[in-house]
Chemist: 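First the structure, which I've put down as structure tokens, then a few questions once you've had a look.
Since this is a predicted model, take the numbers as computed values, not measurements.
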Amino acid sequence: MTRHPTDHPQFYLTAPAPCPYLEGRQERKVFTHLVGSQAPALNDVLTQGGFRRSQNIAYRPACENCRACISVRIRVADFLWTKSFRRQWKQGEKIISARLPAAPSAEQYDLFQSYLRARHDNGGMSDMSVLDYAMMVEDTHVETMVIEYRRKGPDSFITGTGEGPLLGVALSDQLSDGLSMVYSFFDPQHMDLGLGTLMILDHVHRAQRLGLPYVYLGYWVNGSSKMAYKARFRPQEQLTPDGWVEVEETP
């Protein structure tokens with residue numbers, strides 16, 4: 001069995017591969033393993049340094065001639081609740097979120113596949129098997145949660161859970177200074193509910209309740225329409241060579 005050191009992590013560089021965000025470009029990543037008792041602390045440090053987690057791997061872009069991927073996080077204490085966000089939050093009162101352990105389910109996988117077929121049919125995740133999905137959720141050595149979103153039922157105020165079909169899922173890590181949204185997906189047949197936005201607003205609300213200062217959204221990619229939505233959530237900080245800096249204007 002291969003052992004990965006945790007006190008002094010080793011970093012590796014991937015071979016060039018087509019960039020999933022900017023056509024015609026190549027991407028490379030630097031990565032290390034998140035395993036053992038030191039994984040939560042290491043994940044904290046690396047996330048604050050612009051890394052993302054995927055299963056037991058922490059990675060960040062290391063492209064030779066491109067710096068388009070920029071780590072972003074929402075500062076939740078003074079989050080700007082725009083009129084649009086307030087309307088969305090009001091509309092979301094019919095939906096309830098429940099925090100669950102990092103465990104996969106058949107219902108989650110079915111929704112995951114429906115989401116990929118509708119939104120990312122040619123993406124790198126489109127051929128993930130049920131085992132691949134299970135590994136994505138449960139192969140973690142850090143404090144990871146699954147948040148499920150369903151419609152409120154008559155007993156939801158007692159049970160704290162919703163009823164009916166699963167509408168959305170967020171796989172997230174709880175860090176010492178915030179919540180990191182690892183991956184989220186939702187029912188593409190309910191675009192009218194604005195579930196993608198609602199899940200981010202829910203994470204802002206959860207972070208505020210937990211007294212955590214940030215929600216990490218991963219990478220905003222300059223020039224990628226797929227990532228443009230992240231610029232809406234303010235105040236927002238971007239990671240620069242000089243550290244985290246608040247964005248003054250919409251990118």
Side-chain angles (χ1 to χ4, degrees), residues 39-41 43-44 46-48 51-54 71-82 84-105 107-108 111-112 115 136-138 140-153 155-164 166-187 190 193-220 229-237 244 246:
N43 190 43
D44 272 11
L46 292 179
T47 302
Q48 293 162 10
F51 280 72
R52 295 285 287 163
R53 185 184 70 81
S54 177
S71 294
V72 296
R73 66 187 185 187
I74 304 168
R75 198 169 68 235
V76 304
D78 48 353
F79 179 69
L80 181 60
W81 284 89
T82 64
S84 175
F85 286 155
R86 292 186 186 279
R87 285 196 301 270
Q88 181 66 64
W89 190 248
K90 181 68 175 178
Q91 182 179 343
E93 289 180 351
K94 66 185 72 170
I95 298 170
I96 191 167
S97 62
R99 175 173 175 166
L100 304 171
S105 70
E107 188 180 19
Q108 291 171 18
L111 181 61
F112 176 68
Y115 173 80
M136 182 178 79
V137 174
E138 64 187 6
T140 175
H141 291 248
V142 303
E143 186 174 352
T144 301
M145 70 193 85
V146 167
I147 303 176
E148 292 189 345
Y149 297 81
R150 301 178 192 270
R151 293 188 185 275
K152 284 184 178 178
D155 297 326
S156 291
F157 73 100
I158 299 175
T159 64
T161 59
E163 297 182 1
L166 186 61
L167 297 175
V169 174
L171 179 67
S172 302
D173 293 341
Q174 183 165 333
L175 311 173
S176 62
D177 69 342
L179 300 177
S180 176
M181 299 185 70
V182 177
Y183 194 78
S184 60
F185 53 95
F186 52 86
D187 189 339
H190 290 284
L193 297 177
L195 291 164
T197 297
L198 180 63
M199 286 192 282
I200 295 177
L201 296 178
D202 180 58
H203 277 68
V204 170
H205 187 62
R206 286 175 176 274
Q208 289 174 335
R209 293 205 319 261
L210 292 167
L212 299 172
Y214 302 111
V215 172
Y216 288 85
L217 294 181
Y219 300 117
W220 172 75
Y229 71 92
K230 296 182 180 182
R232 299 171 55 212
F233 299 89
R234 299 300 181 94
Q236 181 179 121
E237 296 179 359
W244 289 95
E246 182 175 345

Chemist: What are the two closest non-hydrogen atoms of Ala231 and Arg234, and how far apart are they?
Modeler: O-NE, 3.0 Å
Chemist: Please report the closest heavy-atom contact between Val137 and Thr140, naming both atoms and the distance.
Modeler: O-CG2, 3.9 Å
Chemist: How are the rings of Trp81 and Phe85 set relative to one another: parallel (under 30°), tilted (30 to 60°) or perpendicular (over 60°)?
Modeler: perpendicular
Chemist: Restricting to non-hydrogen atoms, name the atom on Glu138 and the atom on Pro104 that form the minimum distance, rounded to 0.1 Å.
Modeler: OE1-CD, 3.5 Å
Chemist: Please answer whether the main-chain N or O of Leu217 pairs with a side-chain N or O of Lys230 as donor and acceptor at a distance below 3.5 Å.
Modeler: yes
Chemist: Does the side chain of Leu111 come within less than 4.5 Å of Phe186's, by heavy atoms?
Modeler: no
Chemist: Would you call Glu163 and Arg151 a side-chain contact if the rule is heavy atoms closer than 4.5 Å?
Modeler: no
Chemist: Under the criterion side chain to side chain contact (heavy atoms under 4.5 Å, CB included), I'd like the reasoning laid out for Ile147 against Met199: C-alpha separation, chi angles, the key distance, then a yes or no.
Modeler: CA-CA 9 Å; Ile147 303 176; Met199 286 192 282; over 6 Å; no
Chemist: Could you report the tightest heavy-atom contact between Asp44 and Ser176, atom names first, then the distance?
Modeler: OD2-OG, 2.7 Å
Chemist: In Å, rounded to the nearest 0.5 Å, how long is the span from OG of Ser184 to NE2 of His203?
Modeler: 7.5 Å
Chemist: Go through the steps for Ile95 and His190 under the test side chain to side chain contact (heavy atoms under 4.5 Å, CB included), then give the verdict.
Modeler: CA-CA 12 Å; Ile95 298 170; His190 290 284; over 6 Å; no
Chemist: Within the 4.5 Å heavy-atom criterion, are Gln48 and Tyr216 side-chain neighbours or not?
Modeler: yes
Chemist: Say whether Arg206 and Ser172, considering side chains only, have a donor N or O and an acceptor N or O under 3.5 Å apart.
Modeler: no
Chemist: Which pair of non-hydrogen atoms, one from Ile74 and one from Phe233, has the smallest distance, and what is that distance?
Modeler: CD1-CB, 3.6 Å
Chemist: When rounded to the nearest 0.5 angstrom, what is the spacing between CD in Glu237 and CZ in Arg75?
Modeler: 5.5 Å
Chemist: If we ignore angles and hydrogens, is there a donor and acceptor under 3.5 Å between the side chains of Ser71 and Arg52?
Modeler: no
Chemist: With a 4.5 Å cut-off on side-chain heavy atoms, are Val215 and Phe79 touching?
Modeler: no
Chemist: Got Leu210 and Leu179 here, is their nearest side-chain heavy-atom distance under 4.5 Å?
Modeler: yes
Chemist: Which class fits the ring pair Tyr183 and Tyr115: parallel under 30°, tilted 30 to 60°, perpendicular over 60°?
Modeler: perpendicular
Chemist: Kindly indicate whether the side chain of Leu46, heavy atoms from C-beta on, has any atom under 4.5 Å from the side chain of Arg53.
Modeler: no
Chemist: State whether a side-chain donor-acceptor pair under 3.5 Å links Thr82 with Ser84.
Modeler: no
Chemist: Hey, are the side chains of Asp173 and Val182 touching, using non-hydrogen atoms and a 4.5 Å cut-off?
Modeler: yes
Chemist: For the residue pair Arg150 and Leu166, establish whether any side-chain heavy-atom pair is separated by less than 4.5 Å.
Modeler: yes
Chemist: Donor-acceptor pair, distance only, cut-off 3.5 Å: does the side chain of Gln88 make one with the backbone of Leu195?
Modeler: no
Chemist: Would you compute the distance between atom CD of Gln91 and atom CG of Leu198 and round it to the nearest 0.5 angstrom?
Modeler: 8.5 Å
Chemist: Looking at Phe112 and Met136, what are the two nearest heavy atoms and their distance?
Modeler: CE1-CE, 4.1 Å
